[in-house]
Amino acid sequence: MTTDYASTHRMRTDGGPDGVGPDTPGPHRASPYRTETDLRGTHRTRTGAAGSRGGGPLRMAAAAAAFGRDLEEDFRIAERLIKEARSEGVRLLALPEACLGGYLLSLDGDGAADGAAEGAEDDPGPPALALDGPEIRRLAALAGEMTVVAGYCETDGEQRYNSVVCVSGDGVLGNHRKVHQPLNEDASYSSGGRFHAFDTPVGRIGMMICYDKAFPESARTLALDGAEIAVCVSAWPGARTQAATDLAQDRWKRRFDLFDRARALENQIVWLSANQSGTFGSLRFVASAKVVDPGGEIVADTGVTAGLAVAELDVARALEVARRSMGHLRDRRPETYPYSLGTGRT
């Protein structure tokens, strides 16, 4: 698919709180392009180039790949994917949720429950890594001139968080702790407390993790904070009951794709979606890494196999075209949304 602002291709491989801190932007906080404008409710917009500091096309990629408990093996896989993306001219790469140390073996919460992974009760879980620790520095060194987003288990004192970090060779640019926790994930992680966008060498980015994207408020908060590109990293499995034999027909895979497209379209932003692939414990992941344009169209995807979804978009042009006539952020009427602050009925 080619438009006046995008050229893309599909690529598949068989490879297998506040302060710079946990939930805060990194050193690129001040943007020369960003202004704050009140358009029926405050949101941030750019008056200069979006998507790359020099303007023009930005080549980006989202990965579908399998990661496990062996941290050294995970780094080997990450290094391979980074090198592959670099060879394709990619400047922004999204790796999956929990790519450093693997995800949970099961979401059932009871190792003896029907369908729970064998050995789940004895599994120590993913290794807890510090945001300022050697593993994240190692990831930053691998990133070099690229901007790389990757999921990991973050430790902070006595708490563990399901987190995603954005790095370049300069260090940590941003970090997000997963806010919404499905099923029994809260037995393994504490919950994050905010969504925010932050500036990077490739534009203003907002991050979220997996189930976060099921809540429209997550992506809307990022868009209102000026995010031009949303990066969602996932360990999204197929259905737990009545699973489809053909993963491409699985209803949870359809939901995964629908959330990606809807969040991009309703906020008119570029959307990068990375996901785990293969199986881990009792979970069978749907892969389906993709790039979605601000009109909600999938411009690159891996399908249900491992690989890289690579696309090149002029982000500034894409946002301008999408928002020219019907601007979803501009045309909002916040005064008519009485339950928008979490006071709605359930």
Side-chain angles (χ1 to χ4, degrees), residues 10-16 62-81 84 94-127 150-153 162 164 178 181-189 209-214 232-260 273-290 301-309:
R10 298 185 182 196
M11 177 178 178
R12 296 186 182 180
T13 65
D14 295 326
F67 294 86
R69 286 287 177 267
D70 186 334
L71 195 56
E72 282 302 315
E73 176 63 16
D74 292 340
F75 268 108
R76 283 191 287 271
I77 296 169
E79 182 175 12
R80 174 179 58 78
L81 291 168
E84 185 176 343
L95 300 176
E97 174 183 8
C99 68
L100 300 182
Y103 187 54
L104 306 177
L105 291 176
S106 172
L107 287 171
D108 293 299
D110 180 358
D114 182 39
E118 182 179 353
E121 288 181 318
D122 300 323
D123 178 48
Y152 71 110
C153 175
N162 188 343
V164 58
K178 188 174 184 179
Q181 298 174 307
L183 303 172
N184 288 289
E185 193 181 271
D186 60 354
S188 300
Y189 301 106
I209 302 175
C210 202
Y211 192 45
D212 282 338
K213 72 180 175 184
C232 184
V233 305
S234 298
W236 191 288
R240 299 165 69 240
T241 59
Q242 300 178 348
T245 302
D246 180 358
L247 195 55
Q249 302 303 316
D250 188 271
R251 67 183 187 278
W252 280 24
K253 185 263 194 291
R254 291 196 298 271
R255 294 174 188 176
F256 183 83
D257 293 340
L258 180 59
F259 284 136
D260 285 337
S273 178
N275 195 26
Q276 293 265 0
S277 65
T279 60
F280 188 65
S282 66
L283 304 176
R284 180 178 64 149
F285 300 112
V286 304
S288 303
K290 64 178 70 66
D301 74 89
T302 66
V304 295
T305 61
L308 290 177

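Bear in mind that the values here come from a model prediction, so they are computed numbers and not experimental data. Here, residue 1 is the first one in the sequence, and each next residue gets the next number.
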[Y] and [X], any side-chain heavy atoms less than 4.5 Å apart:
X	Y	value
Ser277	Val304	no
Leu95	Val233	no
Phe280	Leu105	yes
Asn184	Leu107	no
Cys232	Phe256	no
Leu100	Phe75	yes
Trp252	Arg284	no
Gln181	Asn162	no

Hey, can you tell me if Trp236 and Phe259 have their rings parallel, tilted or perpendicular (30° and 60° cut-offs)?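 Aromatic pair Trp236/Phe259 classed perpendicular.
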Might you point out which heavy atoms bring [X] and [Y] nearest each other, and give the distance in Å?
X	Y	value
Phe67	Pro96	CE1-CD, 3.6 Å
Lys253	Ala248	CD-O, 3.7 Å
Lys213	Ser234	NZ-OG, 4.2 Å
Ala66	Ile77	O-CD1, 3.3 Å
Asp301	Gly303	OD1-N, 2.9 Å

Test side-chain contact (heavy atoms from CB on, under 4.5 Å) applied to Arg251 - qualifying residues, sequence neighbours left out: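 Only Ala239, Thr241, Gln242, Arg254, Arg255 meet the side-chain contact (heavy atoms from CB on, under 4.5 Å) criterion with Arg251.
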Any side-chain donor near an acceptor of the partner, Glu185 and Tyr103, under 3.5 Å: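 Checked: Glu185/Tyr103 side chains pair up, N/O donor to acceptor below 3.5 Å.
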Under a 4.0 Å N-O cut-off, is there an ion pair linking Asp212 with Lys178?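 A salt bridge is absent here (no side-chain N lies under 4.0 Å from a carboxylate O).
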Any Lys/Arg nitrogen of Arg76 or Glu79 sitting under 4.0 Å from an Asp/Glu carboxylate oxygen of the other?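 Salt bridge: no.
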Is a side-chain N or O of [X] found less than 3.5 angstrom from the main chain of [Y], in a donor-acceptor match?
X	Y	result
Asp74	Gly68	yes
Gln276	Ala235	no
Thr302	Gly307	no

